[in-house]
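What follows is a short report on a single structure.
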Amino acid sequence: MHSLEKTTIIPDGNFNEILELPILKMVIIVNNPELVEIANDLSLYPPNIERHVLWFKDTSEDEIKEIFNDINEDYNDIQAFSVSTTNKVADYILSHEIIDMVRVDHSFTIAGKPEFNI
Amino acid sequence: MKKYTIAIVILLWIGSVNGQILKVIEESNGKKTELGTCINMNIAEINSMMEVYINKDELIKRVGKSSGMNPNLLNKVDKLNTLLSSQIEILESLNLDFSNLSQEAKIERLGQYSNLMDEFYSKLRESNNQDIKDDVKNFYLEYIDLRKKSQIDIIEFPNPQKYAIIKLSEESDSLIKNIGSSDDLQKIQFQLLAALSSGSGIPLQVHVENYDTFTEGELFEIPRWVTTFSDEDIAKFEELKEQSNYANSLLDYDIKNLGADLEKNFESMYCIAELISNIEDFGKKPGTSFTNPEQKISFETVISKLRKEYDNYYNIFDAVNGKNENILVKFNNYQNGIINVAESFSTNIEDVLKGQNRNLLPTEVSKSLEKMDSCNIVLKEDIENAKAIVNIALNVIKPFKTTANNADQISEKVLSFNINDLPSIGYINLKSIGARKNGNQLIIRLKKITEGDKNNLSRDETIEMRTITLQQLSFYSISKVTLILAIPTGSQKVELQNKNDVQFAPSGSLLFKYGSRNKKTWNFLDPGFGFNISTPDFNMDGTPDVGLGVIGTLLKDVISFGVSYNTTTNTPFWFVGLSIPVTMPGLPINTVKTE
């Protein structure tokens, strides 16, 4: 894996610092380096607003739901989800979905929609 | 590179108009307006310059589909076009600089971009777009690779999204070019033609720069503000004076006299009738004797033939004398009937006279026949006079015939192009297309001409047609000369000396109007309001009075009405006018010869 310049790996990294920024985020809650790499690459050269990836490498449902209390999908079905500039959960990348650049960028895009950034 | 992107964006912009091939932009007073959009109807300023764009990509697709060429490629082009339907807006939002915006503005712009891009991705992720989705993924990977190696212009392509969309556009462009270079399409020629239609007659061909070799006409700008009457108005006013005199005489004229007047105008008729009567009288005279039976037979033969021919000729006047016919119907009868019968009569008289051995006739009869030769000369003069009258009416048609002939000649100068050579833009300068009026229509047609093979002739087909109505826009004024029917009114009402108590008079008006770009009904009603000056003759002293008043008009001034004041007789009057171009038939009523 190449260097993840725009990815904060938790538990080592400080996710609160990122969550305080009015930028788009991709939260990855599974151990899927390929997904992390794609999300990281798509964060490097963002259109318009900054992006960042939070990779909870080893976490629990309770911990995630404590941070993102508006998750309304089955936690076990989620690989990752995008978060708006105001930290609203916008889109879920589910376990059965094929991961590619189109899918991940679409997820980032949905997080930028007006209804999630009020 | 930046120029390249701008060119692509412009190209895409041109191609984005609902699959239309032709796009017409009007340029007037330095402002450009696209016609035929949801905002602007197909109404153009009458003095403007027009740019006609041909979207070659749409043209290739349209022709390709209708001819069944390269269905797989066309299918992919269609899918790309659907995906890229909002590409202009996406590219615009990707070009925005966020750095100096407030957070609120940033979020607003982000929302606009995200909505557009969400739509793009939703379509892209549909199952039938898998091939294009793979392309997009590859473009993203390619971009990131190039970017990491610093091998890409980051000002031009700051992110993979913009890179992918432009690459998709190029792919679509490339596919269309492939279809365009196919042998089937190369066999097809294209023409762009424009014509001006006044609603009647054959449309007049209009020069389109880059698409024909027709020489541009003399520049003529329709003036926006007309405050004086032109020389043509003045000439028409004089003409209307005559017409109003004629119309006023009709007010008192008993239509039953028409046939009698026609007879009087044909002097030759009396000359011939008198001679035939004289000859007949000679035969009936008690003392008349013939030298031999052959002389009597010759006499009876010639008088019988002359009488028969004369009766045929005379009967046509009876036809014109029909009591309940419209005056214009009578004119038609006059034009079609009398001239033909008169010409035939003249020839038949000549034949009778030539075919008769005059030595076989009594001397008195021979002398009368010699006079008949003179009468026939007068008859021929009458026929020429009648023809001259008819020609006045026929001259009205002449301009239309000339227009039609010109259109036929000019059509040979329209150029044909194959898809590669077809210019993308043509110009029409409305100021140089000659006489035009509000409501005239400019018809622009794109035609394809398919080469015929050994068994088939070439075929041409109109691919797309745009009809643009020409109109003076905003406020403007015009001058108008019309015949009015004046109706004296008020307590000081003047008593006219004709039985209808009304009077025709020529009048001139300066009218203020408003032309709308978007309201066709308003332009159709075309209301006008203004000042009117007329010259009735209420006191019937033969000198025109001066009437000053106000006038309202409707339906392109066909209907007008107003109120005016006769400054000579100091009496007010109402008036109505009809501006339908009526050419007075020139019946012989005004030209009765008096002895």
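Chain A is the first sequence line, chain B the second, and so forth, proteins listed ahead of strands; every chain is numbered from 1. These numbers were taken from a predicted model, which means no experiment stands behind them.
Taking the six-membered ring for Trp, A/Phe81 and A/Phe68 have ring centres closer than 6.0 Å.
Taking all atoms of both residues into account, the shortest heavy-atom contact from B/Pro423 to B/Ile54 is O-CD1, 4.1 Å. Of all heavy-atom pairs between B/Asn420 and B/Lys56, the closest is O-NZ, 3.3 Å.
Counting heavy atoms from C-beta on, the side chains of B/Asn29 and B/Lys31 never come closer than 4.5 Å. Residues B/Leu175 and B/Leu80 form a side-chain contact, since some pair of their non-hydrogen atoms from C-beta on lies under 4.5 Å apart. The side-chain heavy atoms of B/Asn129 and B/Arg125, taken from C-beta on, include no pair separated by under 4.5 Å.
For a residue to count as touching a neighbouring chain, one of its non-hydrogen atoms must lie under 4.5 Å from one of that chain's; by this rule B/Glu108 does not touch chain A. Heavy-atom distances place no part of B/Leu101 under 4.5 Å from chain A, backbone and side chain included. Contacts of B/Leu124 with chain A are made by side-chain atoms alone, with heavy-atom separations under 4.5 Å and no backbone atom involved. For B/Phe120, no part lies under 4.5 angstrom from a heavy atom of chain A.
If you check the side chains of A/Thr85 and B/Lys106, you find no donor sitting under 3.5 Å from an acceptor.
Of all residues in residues 47-54 of chain A, those placing a non-hydrogen atom less than 4.5 angstrom from a non-hydrogen atom of chain B are A/Pro47, A/Asn48, A/Ile49, A/Arg51. Interface residues of residues 89-118 of chain A toward chain B, defined by a heavy-atom distance below 4.5 Å and sorted by number: A/Glu97, A/Asp100, A/Met101, A/Val102, A/Arg103, A/Asp105, A/His106, A/Thr109, A/Ile110, A/Gly112, A/Lys113, A/Pro114, A/Asn117. Residues of residues 7-30 of chain A placed with any heavy atom under 4.5 Å of a heavy atom in chain B are listed by number as A/Pro22, A/Leu24.
In this pair, B/Phe157 and B/Tyr163 present their aromatic rings perpendicular. The plane angle is above 60°, beyond the 30 to 60° band.
Here B/Lys167 does not pair with B/Glu171 in a salt bridge; the nearest charged N to carboxylate O distance is not below 4.0 Å.
Within a 6.0 Å radius of CD in B/Glu104, other residues, nucleotides and ligands contribute 12 heavy atoms or fewer. Within 6.0 Å of atom CG in A/Asp58, 12 or fewer heavy atoms from other residues, nucleotides or ligands are found, so the atom counts as exposed in its surroundings. Heavy atoms from other residues, nucleotides or ligands lying under 6.0 Å from CD of B/Gln151 number more than 12.
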Worked verdict on B/Asp134 versus B/Gln130 for side chain to side chain donor-acceptor pair (under 3.5 Å)
CA-CA 6 Å; B/Asp134 290 341; B/Gln130 187 59 47; 3.0 Å; yes
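Contact tally against chain A (heavy-atom pairs below 4.5 Å) for B/Ser93, B/Gly111, B/Pro158, B/Ser114: the top residue is B/Ser114.
Looking at B/Arg147, its side chain never comes within 3.5 Å of a backbone N or O of A/Leu44 through a donor-acceptor pair.
Applying the ring-ring contact (aromatic ring centres under 6.0 Å, His included) criterion to B/Phe139, with sequence neighbours excluded, gives no partner residue.
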